[in-house]
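Report on the following structure.
Every chain is numbered from 1, with letters handed out A, B, ... down the list of sequences.
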Amino acid sequence: MSAPAFDNKIIKWIDERLPLFTMLEHSTTSYPTPKNLNYWWNFGSLALFALVIMILTGIFLAMSYTPHVSMAFDSVERIMRDVNYGWLLRYLHMNGASFFFICVYIHIFRGMYYGSYKAPREILWWLGLLILLAMMATAFLGYVLPWGQMSFWGATVITNLFSAVPVVGDFIVTWLWGGFAVDNPTLNRFFSLHYLLPFVIFALVALHLIALHTSKSSNPSGIEIKGPQDTIAFHPYYTIKDLYGVGVFLLVFLGFVFYAPNFFGEPDNYIPANPMVTPTHIVPEWYFLPFYAILRAIPDKLGGVIAMFGAIIVLFALPWLDSSKVKSGRFRPVFKWFFWLFLVDCVVLGWVGGKPAEGHYIPIGQAATAWYFLHLVVVLPLLGRLEKPLALPASISASVLKEKA
Amino acid sequence: MAQPSSTPPDDNKGPNGPRRDFLLIATSAVGAVGTALALWPFVHSMNPAADTLALSTTEVDLSKVAEGMSITVTWQGKPVFVRHRTADEIKQAAETPMADLRDPKNDKDRVQKAEWLVLIGVCTHLGCIPLGQKAADPKGDFGGWFCPCHGSHYDTSGRIRKGPAPLNLPVPKYTFLTDTSIRIG
Ligand code: HEM
Ligand code: FES
């Protein structure tokens, strides 16, 4: 890592004492990026943008929010009605969570199609999964804060998942609650942790980027960078492309914030929490629905909980489950179809997760759950051995020139 | 090039080696145990505080609960179901064969007086409140309670019969103060 020469005396003076500008130069300006990245590569920077929005709006919401069971709901209503632009901060935060998940889910499926998790990017992949887990925890904790009916019963059902742990389950649940039911101590600690976790996510993102800049970005051809002819400088080429993505993102995101701010929400959460009455149809936020469907597909309490957590844990093994040497789905004629089938399967899980657990929804949910695990644990290892991949281009540069021709 | 003088000598391999190894391991172990013990106050601060633990009790007047009716009272922040069972419901509960039960318990061990069934009204699956307290509520396939969250059915003794819940609705500690009043807790 050679230090770039800075002309400006002040920058030079600072950089010799704290190499901030050298680091910035290496990780943004001159970072060699494959020249063939398509728009699916925009969603990483979009996720980071969403994280920044969440932290910014969250800090300002926290200035007007009161974490107490008798005041939380009213303080959120006060944010909506009396606090200047409170409605905007809250709607940005509420919809921001949904868009954060949209970006991250697209980002993950991008990785699955192009085999981005394969060597040498396994740790990069793991860090991404850790970010997903931390995001899920953060979003769950945040959803409890407005203390509506869904907040309360979501918190009750999810914390009760831990009661499935043999022997110590009940102690864990009491410990999580700080009492014998979801109550004020629970709300207080959830607020504390909801404030903390986004900064943990930020640190994980930093590690994610360090790992990325060590192994370099993958690309739609799945072939590693072989020389300077395969890359272009990150700045200005990808800074401008990422900013263009931010523009499109804002258009869609703000469309929801201003014109359909409660589209992703549940009306029941505008009813204050009532510990004595469970709403007849409780559902989690949409981004949890596939996992909720897996939980309900297994007619056994502990089994359901294991399957639900297992659905994410199994993804940590993906770099080894997928035995194919070829990274990109472009050159894998059979895998390609299974990928789309897997995507449809996840959508079906999400759809069933939002329906009541009765009638034909039960077998559909069970079949979709079975396929989720079959795809990852059986189909992918076999495919790598049986499938005959297409011929790979000689290099990234060659693949681009061939497309042109 | 000469070794800088600050490089620690590799003495663990010298004549004092075993002694140094012992000191290193012993110090590390004490440090690790000390750190683990220091974590406990943090963990334990999240357990129920003294005021939360201070046993609360709830007294319930049963005189106004007619046969076939139920009331719900609050105890420790949780709903407690009190049902004045009909002769039919008692008979059903008593005659259920143990082999039909997921969590086999005799009905007579779950009540102090057969007509009064007292239960903590929290589904043992994931903590929702089962329906069945009001006359118009669905009572499930076994005439007791039905949990709408994931479809658990409880019978007229509050025992789990169908659905994902693993255990019967628990019976809280209670005592009859008079013939028509109880104290829960
Ligand atoms: C990873 C980033 C974050 C996610 C995914 C997230 C998610 C959420 C969600 C889903 C809600 C419920 C919104 C509603 O229905 O009203 C919420 C509420 C809240 N969050 Fe966050 N949040 C994040 C970061 C933060 C940060 C950094 C703070 C700063 C303290 C914060 C403070 C709050 C407050 C005060 C509320 C309650 C007000 C309200 O309900 O709108 N959040 N969060
Ligand atoms: S909480 Fe009652 S069935 Fe799940």
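More than 12 heavy atoms of other residues, nucleotides or ligands sit less than 6.0 Å from atom CZ of Phe176(B). Atom CZ of Phe202(A) sits in a sparse spot, with 12 or fewer heavy atoms from other residues, nucleotides or ligands closer than 6.0 Å. Heavy-atom neighbours of Phe22(B) CZ from other residues, nucleotides or ligands within 6.0 Å: at or below the threshold of 12. Counting non-hydrogen atoms of other residues, nucleotides and ligands closer than 6.0 Å to CG of Asn106(B) gives a total above 12. The 12-atom threshold is not exceeded at CG of Asp88(B), counting heavy atoms of other residues, nucleotides or ligands nearer than 6.0 Å. Summarising the local packing, NZ of Lys113(B) is surrounded by more than 12 heavy atoms from other residues, nucleotides or ligands at distances under 6.0 Å.
For a heavy-atom cut-off of 4.5 Å, chain B lies close to Thr156(A), Val157(A), Asn160(A), Leu161(A), Ser163(A) in residues 154-168 of chain A.
Contact between Pro48(B) and Thr174(A) at its shortest, heavy atoms only, is CG-CG2, 3.4 Å. Across every non-hydrogen atom of Gly77(B) and Met276(A), the tightest pair is O-CE, 3.8 Å. Shown here for Ile282(A) and Cys149(B), the closest heavy-atom pair between the two residues is CD1-SG, 3.5 Å. Nearest heavy atom pair, residue Ile129(B) against residue Thr278(A), reads N-OG1, 2.8 Å.
For a residue to count as touching a neighbouring chain, one of its non-hydrogen atoms must lie under 4.5 Å from one of that chain's; by this rule Val43(B) touches chain A with backbone and side chain alike. Looking at Ile172(A), there are no atoms closer than 4.5 Å to chain B (heavy atoms on both sides), in backbone or side chain. In this structure, chain B has no heavy atom under 4.5 Å from any part of Val173(A). Only the side chain of Tyr292(A) comes within contact range of chain B, with at least one heavy atom under 4.5 Å from a heavy atom of that chain.
Of the listed residues (Ala181(A), Pro185(A), Gly179(A)), the greatest number of heavy-atom pairs within a distance under 4.5 Å of chain B belongs to Gly179(A).
A distance of 11.0 Å separates CZ of Phe180(A) from CD1 of Ile120(B), quoted to the nearest 0.5 Å.
When side chains are defined from C-beta on, Leu126(B) does not count as touching Trp153(A), because their heavy atoms never get closer than 4.5 Å.
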